[in-house]
2 protein chains.
Amino acid sequence: MNKILAQLHQYAALSTDAQEAIGQALQKNHYAKNDFLLRKGQVCRHIYFIEKGALRGFYHTEEKEISHWFAFENDFVTSFHSFITGEPAVENIQFLEGAVLWAIPKDTLHELFDRFHEIERLVRIAYEKYYLRLEERFVNAQFKTAAERYEELLLTHPHIINRVPLGQVASYLGISQETLSRVRAGAMK
Amino acid sequence: MNKILAQLHQYAALSTDAQEAIGQALQKNHYAKNDFLLRKGQVCRHIYFIEKGALRGFYHTEEKEISHWFAFENDFVTSFHSFITGEPAVENIQFLEGAVLWAIPKDTLHELFDRFHEIERLVRIAYEKYYLRLEERFVNAQFKTAAERYEELLLTHPHIINRVPLGQVASYLGISQETLSRVRAGAMK
DNA sequence: AGCATCGTTTGATAATTATCAAAAACAGGA
DNA sequence: TCCTGTTTTTGATAATTATCAAACGATGCT
């Protein structure tokens with residue numbers, strides 16, 4: 001609980017009242033490895049905070065499967081598109097490890113927005129940061145080669161490489177598993 | 001002016017008071033073709049609304065130049081990263097055509113956030129939409145081939161192809177100008 | 001009309017990455 | 001420890017895309 005508030009504090013400060021309201025809205029749950037938090041076609045009605053564990057979001061079609069994000073302790077996760085639009089998700093969310101999550105329902109969050117301008121402001125600021133991160137990834141994807149992107153991932157997010165199967169990391173980087181394996185071996189420099 | 005409020009209305013409704021406050025904050029300006037609205041290294045302190053004209057945002061390094069967005073009538077533009085962080089921009093914004101823009105300064109916008117919860121809500125919702133668009137582009141970039149992305153662009157944003165030089169469209173799609181030319185000729189099916 | 005500039009197309013070749021197939025390495029359970 | 005299934009690596013080949021170079025086309029200006 002305090003960990004959650006500490007993470008939120010990164011985005012903006014909150015009054016005691018607002019903090020308490022958030023605390024009351026949260027529900028705790030345990031999940032097993034390989035379970036699905038969300039399957040394609042379901043509507044995602046919560047934002048989750050990861051107390052413990054690791055998750056991935058991935059798209060799955062007949063031809064291929066692409067992991068587009070990984071999340072770990074102290075991250076917030078949701079199926080952004082489904083959560084915001086209320087439409088069925090086009091992605092899946094799966095547990096890479098056993099996990100403990102805190103959930104806040106969308107309805108409750110919107111009630112909090114009405115009651116506390118400061119909470120909506122915090123979320124506005126959080127969205128800004130999430131946008132910037134995605135933009136940065138997007139630009140990197142176009143400017144750097146597969147090998148450079150792997151190097152950078154190794155520097156900035158080593159936990160991804162340690163805790164996620166290689167094939168999934170490869171799809172995250174936008175390359176095939178074999179190519180990533182060769183990049184790793186240093187063959188492609 | 002009314003066009004701006006109409007665009008804003010897409011995101012959320014606004015009270016008359018809020019609308020008036022926004023109207024007072026706006027400044028109108030004219031620009032010539034090929035001028036820069038913003039150069040790499042400058043801080044972007046405004047959000048702009050395009051009454052008339054076309055712009056592009058692009059990254060420029062020694063090796064290459066990548067146009068990462070195009071904007072036209074009724075679009076809002078800014079250097080997102082610089083505007084939000086207050087840091088010098090890493091991108092350039094240039095006019096593809098002569099243009100008329102309305103500007104709102106960041107400081108003024110934040111004053112409006114304090115005075116009108118509803119304006120901050122509108123912006124929060126606008127960010128959600130912008131995020132979703134970027135996410136969609138990001139996924140498409142990984143799932144579809146260059147040819148498919150071009151086809152899709154042709155269907156969904158034909159004005160980009162009509163009003164933007166081919167080389168810039170190519171960098172937007174993440175391919176070389178020559179490849180795009182061949183894709184267009186239908187050679188790569 | 002003629003010239004210069006910019007944008008686009010075409011051709012030949014090289015580099016990058018994917019795909020298919022099989023072997024090797026690793027991890028967990030009996 | 002051995003077996004089994006999963007993950008990772010390696011090899012050979014094919015497909016995709018980039019790069020370099022040159023030609024073509026359109027536009028605007030004198």
Side-chain angles (χ1 to χ4, degrees), chain A residues 32-35 54 56 58-67 70 94-98 140-154 158-189, chain B residues 32-36 54 56 58-67 70 94-98 139-154 158-189:
Chain A
K33 179 174 176 175
N34 292 332
D35 274 3
R56 67 168 179 141
F58 69 101
Y59 296 93
H60 184 86
T61 67
E62 308 83 48
E63 311 105 50
K64 53 179 169 178
E65 173 178 310
I66 294 179
S67 297
F70 303 105
Q94 186 180 26
F95 292 92
L96 294 169
E97 308 168 357
N140 269 344
Q142 286 192 293
F143 262 105
K144 304 194 174 170
T145 64
E148 286 170 336
R149 274 176 278 151
Y150 175 75
E151 289 300 331
E152 185 164 319
L153 194 67
L154 201 56
H159 52 288
I160 290 185
I161 290 163
N162 295 329
R163 293 167 74 176
V164 179
L166 195 73
Q168 293 175 19
V169 175
S171 78
Y172 176 84
L173 292 171
I175 54 180
S176 73
Q177 171 166 333
E178 294 92 330
T179 298
L180 179 53
S181 177
R182 286 183 243 264
V183 163
R184 233 148 68 114
M188 307 190 73
K189 281 222 188 133
Chain B
K33 178 173 177 175
N34 293 331
D35 275 3
F36 281 76
R56 67 168 180 142
F58 70 99
Y59 296 93
H60 186 85
T61 68
E62 308 83 48
E63 310 107 49
K64 53 180 170 176
E65 174 180 310
I66 295 178
S67 296
F70 303 104
Q94 188 181 24
F95 292 92
L96 293 170
E97 310 169 355
V139 174
N140 270 343
Q142 285 191 295
F143 262 104
K144 303 193 175 174
T145 66
E148 287 170 336
R149 274 176 277 151
Y150 175 75
E151 290 298 332
E152 183 162 321
L153 194 66
L154 201 56
H159 51 289
I160 291 186
I161 290 163
N162 295 328
R163 292 168 74 177
V164 178
L166 195 73
Q168 293 176 20
V169 175
S171 78
Y172 176 84
L173 292 171
I175 56 180
S176 72
Q177 171 167 334
E178 295 92 331
T179 299
L180 179 53
S181 178
R182 286 184 243 264
V183 162
R184 232 146 71 113
M188 305 187 77
K189 279 221 185 134

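Convention: sequence-line order gives letters A, B, ...; per-chain numbering from 1. Please read all numbers here as calculations on a predicted model, not as lab measurements.
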### Query
Hey, are B/D35 and B/Q94 close enough side-chain-wise for a donor-acceptor pair under 3.5 Å?
no
### Task
Grab the CG-C1' distance between B/N34 and C/dT5 for me, whole Å please.
13 Å
#### Entry: Where A/S171 and A/S67 come nearest, the two heavy atoms and their spacing
OG-N, 2.8 Å
### Task
Would you name the heavy atoms of B/Q142 and A/L173 that are closest together and state the gap between them?
NE2-C, 4.1 Å
### Query
Looking only at side-chain N and O atoms, does B/T179 come under 4.0 Å of OP1 or OP2 in D/dA18?
yes
### Task
Identify whether the distance between the nearest side-chain nitrogen and carboxylate oxygen of B/R56 and B/E97 falls below 4.0 Å.
no
### Task
Take the protein atom CG of B/L96 and the nucleotide atom P of C/dG7, then report the distance between them rounded to whole Å.
11 Å
### Task
Starting at atom NZ of B/K33, determine the distance to atom C1' of C/dC6, rounded to an integer number of angstrom.
10 Å
### Message
How many whole angstroms separate atom CZ of B/R184 from atom P of C/dT8?
### Response
7 Å
### Message
Can you identify which nucleotide, out of D/dT19, D/dT10, D/dT8, has its nearest atom closest to the B/S176 side chain?
### Response
D/dT19
### Task
Identify which nucleotide among D/dT19, C/dA18, C/dT19 has an atom closest to any side-chain atom of A/E178, counting heavy atoms from C-beta outward.
C/dT19
## Note on the structure
Rounded to whole Å, CD of A/E65 lies from P of C/dA18 at a distance of 16 Å
### Query
To the nearest angstrom, how far is B/Q177 atom CD from D/dT17 atom P?
17 Å
### Query
In terms of side-chain heavy atoms of A/R182, which of D/dA21, C/dT19, C/dT8 is nearest?
C/dT19
### Task
Can you tell me the distance, in whole Å, between the CG atom of A/L180 and the C1' atom of C/dT16?
15 Å
### Message
In whole Å, I'd like the distance from the CZ atom of A/R149 to the P atom of C/dT16.
### Response
14 Å
